[in-house]
Amino acid sequence: RYAAGDYPPWALAADVLAFAVQRAGDGDAALVALLVERGREGPYREMLAWPGGFVDWLGDADAEAAARRELCEETGLAEAPWLE
């Protein structure tokens, strides 16, 4: 069961908004987004969300490191060539 008090009030989250242009053989193109299905217990379980999570103050050097870690954990993408 989700309880907001389980998380520190000063937590910092790092989320990844990833987009790509998907081209079809007929010349059409569409903008697509990378979403993950939320797996943890809580009010939004099994809903789609941007990959991301809380910065680990002991393990992440900064928010970018947290974003890269979360992206890898949630999607399996070991490397993101460009992240801003």
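No experiment lies behind these values; they were computed from the predicted model shown.
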Heavy-atom closest pair, residues [X] and [Y]:
X     : Y     : answer
Ala29 : Arg23 : CB-NH1, 3.9 Å
Leu83 : Ala67 : CD2-CB, 3.9 Å
Trp50 : Leu34 : CE3-O, 3.6 Å

A quick test of your reading: do over 12 heavy atoms of other residues, nucleotides or ligands sit less than 6.0 Å from CZ of Phe19?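 Yes, CZ of Phe19 has more than 12 neighbouring heavy atoms, counting only those of other groups under 6.0 Å.
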May I ask you to decide if [Y]'s main-chain N or O and [X]'s side chain share a donor-acceptor pair within less than 3.5 Å?
X     : Y     : result
Asp28 : Ala24 : no
Arg38 : Ala49 : no
Asp60 : Asp62 : no

Kindly list each side-chain donor-acceptor pair under 3.5 angstrom involving residues 71-79, sequence neighbours excluded, with atom names and distances?
from	atom 1	to	atom 2	distance (Å)
Glu73	OE2	Arg69	NH1	3.4
Glu74	OE1	Gly52	N	3.2
Thr75	OG1	Leu71	O	2.5
Thr75	OG1	Leu77	N	3.2

Apply side-chain contact (heavy atoms from CB on, under 4.5 Å) to Val16 and Glu70, showing your working. CA-CA 8 Å; Val16 177; Glu70 288 288 341; 5.9 Å; no
